[in-house]
Amino acid sequence: MDEFARIEGYFAPLTAASALGLRDDAALMEDGALVVTKDCMVAGVHFIGDEDPALIARKLLRVNLSDLAAMGASPTQYMLGLIAPRDTPSAWFADFTRGLAEDQALFNITLLGGDTTATPGPLCLSLTAFGKTHGRVLRREGARVGDAIYATGSIGDAALGLAMLRGELPADASLVARYHLPEPRLHVAQHLHGIATSCMDISDGLLQDMGHIARLNHVAAVIEAEALPLSPTARALLGQDISLLERIVSGGDDYELLFTAPQDAADAMARLRIQSGVAITRIGHVVEGEGVTLVDTEGMEIPVARKGYRHF
Ligand code: ADP
Ligand code: MG
């Protein structure tokens, strides 16, 4: 049973309507005035462990902010769960909270409470973030046949950055930074209400995450490899080694928005691109059928063995 089957089989039956079937990036509270999301990070799984604690803290907060962005909500408050090895020094906490303070100021969010315990195991972090919605949320549900598929920013940088940290590729500071410090696309998301037909954030790989939207809406997605927004470094690396394409489309940790919009929204997207200063790229389209296909310029399928990250 994979992670998704477990969520659907064991946890979804415990929920009420406001949890949106556990099929979205966050759940609703207060009749949709608020949304709430939780993401956990474990040393050795989501980060290496010996990073600057301030960076770990900021990533923890930002991956949650990215889920708020996916819902089109604005951050308000968060709760922190910290399960730390007993011998964690005070200096670690000082650095960790310095990172939180920095991003609290950047994203206009404050700490509401939490829990701190010691563990014989690795450092585990949990953060629950609340956001306000002004009554409108973006959902994964709603993509229609004929819609265009868009992604913000660039895809694959973080996955390549992680490969660099593991010594599998020559290091490039900008890509490593993209792994350590995702950029939640809150400002873009707030302008997608009424335009995007579905929206989520990419955390576990573009193809796998697109698969969630496709399955939920009983449609298929065609992603054009040539259209993918790549950073100059990612493009150069791909030019040297085409096999890196798989890491780019399935590596995860992008924390970019992935959304669908009708074909006639192209002008609105061009305006939003200028207004936000964030790249918004049409990467494919929605068709009848099921699944996600990566295609080349001739429309031929590019086989991808692994479409995303799976915990189980
Ligand atoms: P994301 O990558 O956007 O954070 P996840 O894949 O982690 O989303 O989770 C998908 C959905 O499943 C979300 O709605 C989340 O709240 C829910 N979920 C995941 N794990 C649990 C759990 N242990 N209990 C209840 N809900 C869960
Ligand atoms: Mg998400």
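In each ligand, atom 1 is the first atom listed, and ligand 1 is the first ligand listed.
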- Query: Can you list the atoms of ligand 1 that are under 4.0 Å from a heavy atom of Asp25?
  - Reply: 3 (O)
- Message: Tell me the closest heavy-atom pair linking Ala129 and Asn64, and the distance in Å.
- Response: CB-CB, 3.9 Å
- Please say whether the positively charged group of Lys38, taken as NZ for Lys or CZ for Arg, lies over the ring of Tyr78, i.e. under 6.0 angstrom from the six-membered ring centre and within 45 degrees of the axis. no
- Message: I need the Leu228 CG to Ile283 CD1 distance, nearest 0.5 Å.
- Response: 6.0 Å
- Any N/O pair Asp204/ligand 1 closer than 3.5 Å: no
- Query: Is there an N/O/S atom in Asp25 that lies less than 2.8 Å from the Mg ion (ligand 2)?
  - Reply: yes
- Cationic N near anionic O, under 4.0 Å, Lys59 to Asp253: yes
- Message: Would Asp67 count as a polar contact of ligand 1, with the cut-off being nitrogen or oxygen pairs under 3.5 Å?
- Response: yes
- Nearest non-hydrogen protein atom, atom 7 (O) of ligand 1: Asp39 OD1, 4.2 Å
- Message: Under 2.8 Å from the Mg ion (ligand 2), is there any N, O or S atom belonging to Asp67?
- Response: yes
- Identify, by name, the N, O or S atom of Asp201 lying closest to the Mg ion (ligand 2). OD1
- Heavy atom of the protein closest to atom 24 (N) of ligand 1 (residue, atom name, distance): Phe11 CG, 3.6 Å
- Heavy-atom proximity to atom 8 (O) of ligand 1 ranks first, among Met200, Arg140, His212, for Arg140
- Message: Checking side-chain polar atoms at under 3.5 Å, does Ser203 have a donor or acceptor matched by the opposite partner on Asp201?
- Response: no
- Item | Minimum non-hydrogen distance to atom 2 (O) of ligand 1, winning option of Ser203, Cys40, Ser66, Ala19 | Ser203
- Between the side chains of Thr260 and Ser198, does any donor sit under 3.5 Å from an acceptor? yes
- Item | Protein non-hydrogen atom below 4.0 angstrom of atom 5 (P) of ligand 1 present | no
- Task: Return the residue, atom name and 0.1 Å-rounded distance of the protein heavy atom closest to atom 18 (N) of ligand 1.
- Result: Ile7 CD1, 4.0 Å
- Query: Looking only at protein heavy atoms, which one is nearest to atom 15 (C) of ligand 1, and how far off is it?
  - Reply: Leu22 CD2, 4.6 Å
- Look at atom 13 (C) of ligand 1 and say which protein heavy atom is nearest, naming residue and atom and giving the distance to 0.1 Å. Asp24 O, 3.4 Å
- Note on the structure: Of Leu230, Leu175, Thr233, the one forming a side-chain contact (heavy atoms from CB on, under 4.5 Å) with Leu160 is Leu175
- Message: We want to know whether His191 and Gln275 form a side-chain donor-acceptor pair, criterion being a heavy-atom distance below 3.5 angstrom.
- Response: yes
- Message: Could you check, using the six-membered ring where one of them is a Trp, whether His212 and Phe4 have ring centers closer than 6.0 angstrom?
- Response: yes
